[in-house]
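Read the structure below first, then the notes.
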Amino acid sequence: MIPPCLLRSLLSQNTRRLACLLFAICAVVGVPATASSQASLTGQELYTAACQSCHAPDGRGLPQVHVGFPDAIPDFTDCSYASREAALDWETVVRSGGPSRRFSQRMPAFGGALSPDEIARVVAYIRTLCTESSWPRGEMNLPRATFTEKAFPEDEVVLNGEWVGTGGSRVGTSTLIVEKRVGSRTQWELQLPISVREMPVGSPANWTGVQMGDVSLAIKRTVAHSQSAILSLGGEITLPTGDRTRGFGDGTVKYEPFMLAAVAGPANTFVQVHAGAEIPFRRNVAFTERFARGAVGTTIFIGGRAFSPIAEGLFWKTTRPGAPTNLDWIPQMQVSLSRRQHILGSVGYRMPLTNRDTRSRSLVAYIIWDWFDGPLLGGW
Ligand code: HEC
């Protein structure tokens with residue numbers, strides 16, 4: 001416990017360094033501070049007292065010669081880094097220390113020295129150090145559903161798969177998706193689908209093998225965002241790289257305008273929407289397909305892992321006269337696999353709600369590597 005008078009005198013201009021030391025020691029030995037002793041301190045005052053001895057008064061991080069250890073200190077004023085994080089994630093690191101997320105052990109745990117309120121206040125303060133408002137907030141970087149794409153611009157690699165096995169045939173499609181963010185609000189995306197098919201002997205499409213499907217390239221841009229909502233618009237072009245005669249791809253170039261939106265609610269809940277139309281250039285080989293996808297879910301933290309149960313719904317219909325209305329739903333669960341939470345996995349089960357006699361159920365899964373947050377083999 002730190003007596004209020006001592007704290008106040010320690011916080012006077014010329015003895016701030018001492019206060020930093022005291023806080024760092026409290027943090028390391030886990031001495032609890034009373035709520036009343038720091039009730040009046042703002043986020044910035046807490047930062048000055050407890051954080052700037054490493055993170056520097058301006059938040060850019062002090063050089064190695066000043067801190068006396070070689071581990072790099074992040075630059076909180078760099079929006080490309082700072083805006084991606086949700087406050088909740090930073091609060092976890094401040095409360096439980098760097099190693100809790102496989103960061104440097106030089107980042108102390110303040111859970112014993114600062115109350116949850118104070119941690120929230122000091123994190124809210126460091127989040128003001130990125131001053132460019134064009135960067136969407138990490139709060140809107142919500143868990144990914146299987147087919148409903150995210151509005152948030154990402155730097156990540158996704159490998160997803162879908163497996164169907166009915167009537168003796170087995171079909172698996174795996175798609176490698178590479179997403180690269182450019183600046184604050186734009187993102188490129190490349191999709192490479194690979195299919196593996198095994199058909200029963202004597203069936204009309206009696207072919208077994210591995211084949212590439214239609215490759216596509218997309219660009220999206222965030223057009224509006226706040227602390228709790230985000231809207232992005234984009235376009236995709238698909239090339240007929242798959243062999244149509246074997247049932248891979250549509251045999252025409254297609255373009256797809258789409259919109260992506262998300263809203264974050266209380267208690268880590270979220271709703272995401274993805275809608276658009278896939279329009280073929282060669283109208284004689286394929287029809288336009290309109291689609292709408294949506295996902296609702298929440299995130300809960302258990303033992304340092306994030307679990308996100310999600311219910312996803314899919315609607316699509318082509319312009320072919322008499323075409324059926326397709327509706328599917330997919331209960332699924334996303335789990336953070338690495339401690340850093342930069343490697344995530346998801347498993348779900350896709351079930352048709354309409355035309356059940358002609359369409360099968362399938363198992364869907366993906367793995368994501370958020371490469372901006374750490375190397376594939378680091379942060380476990
Ligand atoms: C003794 C030095 C030291 C002190 C004191 C310190 N930090 Fe850190 N902090 C670090 C280092 C080193 C890292 C980099 C960890 C890494 O990237 O491996 C870091 C990283 C962080 C991160 C980034 C985590 C992420 O997800 O990227 C946050 C947020 C943070 N510190 C907040 C604080 C706050 C708030 C305080 C004061 C209450 C504080 N730190 C005090 C050394 C310190």
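Just the heavy atoms: all of them, side chains too, but no hydrogens, waters or symmetry mates, feed the values below. Position 1 is the first residue of the sequence; numbering continues from there. Atoms within a ligand are numbered from 1 in the order they appear, just like the ligands themselves. Every value quoted in this text rests on a predicted model; they were computed, and no experiment measured them.
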Face-on cation placement of Arg293 at Phe291 ring, 6.0 Å and 45° thresholds: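 The answer is yes, since Arg293 meets both limits relative to Phe291.
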Can you see whether Phe372 has Arg84 sitting over its ring - NZ or CZ less than 6.0 Å from the centre and within 45° of the normal? yes
From [atom], work out which of [options] has a heavy atom at the shortest distance.
atom: atom 37 (C) of ligand 1; options: Ala50, Cys51, Gly68; answer: Cys51
atom: atom 15 (C) of ligand 1; options: Ala113, Ser104, Ala86; answer: Ser104
atom: atom 41 (C) of ligand 1; options: Phe103, Tyr47, Phe110; answer: Phe110
atom: atom 25 (C) of ligand 1; options: Phe69, Phe76, Trp90; answer: Trp90
atom: atom 13 (C) of ligand 1; options: Gly379, Gly98, Pro74; answer: Pro74

Any donor-acceptor pair under 3.5 Å from Glu139 side chain to Ala264 backbone: no
Flag, side chain of Thr298 to backbone of Ala267, donor-acceptor distance under 3.5 Å: yes
Is atom 8 (Fe) of ligand 1 under 2.8 Å from any N, O or S atom of His55? yes
Please state whether Asp89 comes within less than 4.0 angstrom of ligand 1, counting heavy atoms only.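 Contact absent.
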So, 4.0 Å and heavy atoms of Ala72: is ligand 1 close enough to count as a contact?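 It does, in that a heavy atom of Ala72 comes within the 4.0 Å cut-off of ligand 1.
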With distance as the sole criterion, is a donor-acceptor pair present between the side chains of [X] and [Y] under 3.5 Å?
X: Thr299; Y: Ser308; value: yes
X: Thr148; Y: Gln272; value: no
X: Ser80; Y: Asp78; value: no

For Tyr81 and ligand 1, does the shortest N/O to N/O distance drop below 3.5 Å?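 Among all N and O atoms of Tyr81, at least one is under 3.5 Å from an N or O of ligand 1.
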Check ligand 1 against Cys54 and write out every atom of the ligand that is under 4.0 Å from a heavy-atom position of the residue.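 Those atoms are 1 (C), 2 (C), 3 (C), 4 (C), 5 (C), 42 (C), 43 (C).
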